[in-house]
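Written below as structure tokens is the structure these notes are about.
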Amino acid sequence: MTGIFAGKTVVVTGGAAGLGRAHALAFGSRGAHVVLADIAEPGMVETRALVEAAGGTASFHRCNMADETEINAFAAAVMAESPKVDVLINNAGLHAGEIARGFFGLGQTKWQHFFAVNTIGPMLLAEALRPALAAAKGVVINKSSMASYQPATAYGVTKACLNVFTHAMAMQFAADEVRCVGIAPGLMETPAAKDGVAEENWQRLKGMQMVKRQGTAEDIANMAVFLASPEGSFVNAQVLLCDGGNQMRGFRI
Ligand SMILES: NC(=O)c1ccc[n+]([C@@H]2O[C@H](COP(=O)([O-])OP(=O)(O)OC[C@H]3O[C@@H](n4cnc5c(N)ncnc54)[C@H](O)[C@@H]3O)[C@@H](O)[C@H]2O)c1
């Protein structure tokens, strides 16, 4: 297949649904071979079929981003398949339920799990894939959130720490000419976000946005395409908001 990512390998975690699926399609339809990782195998089977229907190729692996052994095994399998990884999209994340409701009363075990999936896992996977990212002079794109700015929930805290990791990883990876950036979406219309956010809050948030339409998964995937493309290659060590202007209006979660 021809396209700007022809011959490139793009790893997408959380590729079974939502934003991850949109990223898989955006890169796959532009020629990349997409490698999916998730804990939800049926969703990955669907994503692979959609990428193939769009003319691309994809493979998938079950990988729990909270488990270092699984992360390392996944990275080894990816590198056996492809010694170069051009783009790593650390997209898998916990965002609904307790992580987004309260702050106190969660206890150490839950905090550790939230951090393991949302913050430490992305860093460990980038570290494990480092030889392949270095071989490609690739880019790591961490999926943050607008909730990372002045966070009031465990979710926002894990994503704020991911932003710090993004800056630190860019410093660490600079010697390999690997870039590390983040995307902080606003509220985007994915099935999980639709389920997890009450209808009145959707309306309130839409009302706060300066751009008067609902953000979509494709808005975020398009930003990742830009950041991974030659046109975006001077952007590094930054987390970029894509929220229709919501943050400026003082949205907090
Ligand atoms: N949709 C939004 O409005 C929005 C806004 C800001 C940030 N985000 C972030 O974007 C990412 C994707 O969000 P989404 O709306 O597509 O959600 P989603 O729930 O549809 O997708 C998340 C994916 O991550 C996978 N996952 C969860 N835990 C995992 C684990 N331990 N190991 C491997 N995979 C795991 C899930 O199975 C799922 O396929 C998340 O990191 C989320 O925090 C989403």
Side-chain angles (χ1 to χ4, degrees), residues 11-26 35-48 50 60-71 73-75 88-100 110 112-122 124-125 141-149 151 153-163 165-166 182-198 201-202 205-206 208-209 214-221 223-224 239-244 246-247 251-253:
V11 175
V12 183
T13 70
L19 299 184
R21 175 172 290 173
H23 286 73
L25 276 167
V35 185
L36 307 165
D38 205 299
I39 47 176
E41 287 192 38
M44 287 194 286
V45 171
E46 279 178 35
T47 301
R48 182 178 62 179
L50 289 167
F60 68 83
H61 302 256
R62 193 194 180 282
C63 176
N64 178 0
M65 290 298 292
D67 186 316
E68 184 175 10
T69 305
E70 288 194 24
I71 290 170
F74 169 61
L88 164 61
I89 300 178
N90 272 319
N91 166 80
L94 298 170
H95 54 85
E98 274 186 304
I99 192 172
K110 282 181 187 160
Q112 282 175 340
H113 183 61
F114 297 156
F115 270 109
V117 178
N118 284 8
T119 317
I120 312 285
L124 290 176
L125 181 57
I141 301 177
N142 289 330
K143 188 64 50 63
S144 180
S145 168
M146 71 174 166
S148 67
Y149 300 90
T153 61
Y155 174 64
V157 170
T158 61
K159 294 291 187 178
C161 292
L162 182 62
N163 294 353
F165 261 134
T166 302
I183 301 176
L187 191 62
M188 315 310 285
E189 198 152 27
T190 63
K194 266 287 189 201
D195 284 353
V197 178
N201 286 337
W202 274 96
L205 282 166
K206 260 205 269 193
M208 287 172 78
Q209 276 171 208
Q214 189 57 59
T216 66
E218 289 70 32
D219 288 319
I220 304 304
M223 194 159 171
V239 179
L240 304 168
L241 272 162
C242 182
D243 70 344
N246 227 333
Q247 189 65 29
F251 172 80
R252 300 284 178 269
I253 189 172

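All residue numbers refer to positions in the sequence shown, counting from 1. Order of appearance sets the numbers: ligands from 1, and atoms from 1 within every ligand. Computed from a predicted structure; not experimentally measured.
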- Evaluate the side-chain proximity of Ile220 to His23: yes if any heavy-atom separation is below 4.5 Å, no if none is. yes
- Partners meeting side chain to side chain contact (heavy atoms under 4.5 Å, CB included) with Ala26 (sequence neighbours left out): Arg30, Ala221, Val225
- Judged by non-hydrogen atoms, does Cys63 sit under 4.0 Å from ligand 1? yes
- Task: Tell me which part of Thr190 gets within contact of ligand 1: side chain, backbone, both or neither, using heavy atoms under 4.0 Å.
- Result: side chain
- Could you list the atoms of ligand 1 found under 4.0 angstrom from a heavy atom of Leu187? 3 (O)
- Message: Going by the rule side chain to side chain contact (heavy atoms under 4.5 Å, CB included), which residues pair with Leu240 if we only count those two or more places apart in sequence or in a different chain?
- Response: Met223, Leu227, Val235, Gln238
- Query: Is ligand 1 less than 4.0 angstrom away from at least one heavy atom of Lys159?
  - Reply: yes
- Query: How does Ala217 reach ligand 1, if at all, at less than 4.0 Å between non-hydrogen atoms: by side chain, backbone, both, or neither?
  - Reply: neither
- Note on the structure: ligand 1 to Ala92, heavy atom cutoff 4.0 Å, flagged ligand atoms 24 (O), 34 (N), 35 (C), 41 (O)
- Query: For Ala22, is the nearest heavy atom under 4.0 Å from an atom of ligand 1?
  - Reply: no
- Met65 CE to Ile71 CD1 distance, which is reported to the nearest 0.5 Å: 4.5 Å
- Task: Inspect the surroundings of CD in Glu68 and state if more than 12 heavy atoms from other residues, nucleotides or ligands are less than 6.0 Å away.
- Result: no
- Should you measure from each heavy atom of Tyr155, which atoms of ligand 1 turn up under 4.0 Å away? 6 (C), 7 (C), 8 (N), 9 (C), 42 (C), 43 (O)
- With a cut-off of 4.0 Å, which atoms of ligand 1 are near a heavy atom of Met65? 30 (C), 31 (N), 32 (N), 33 (C)
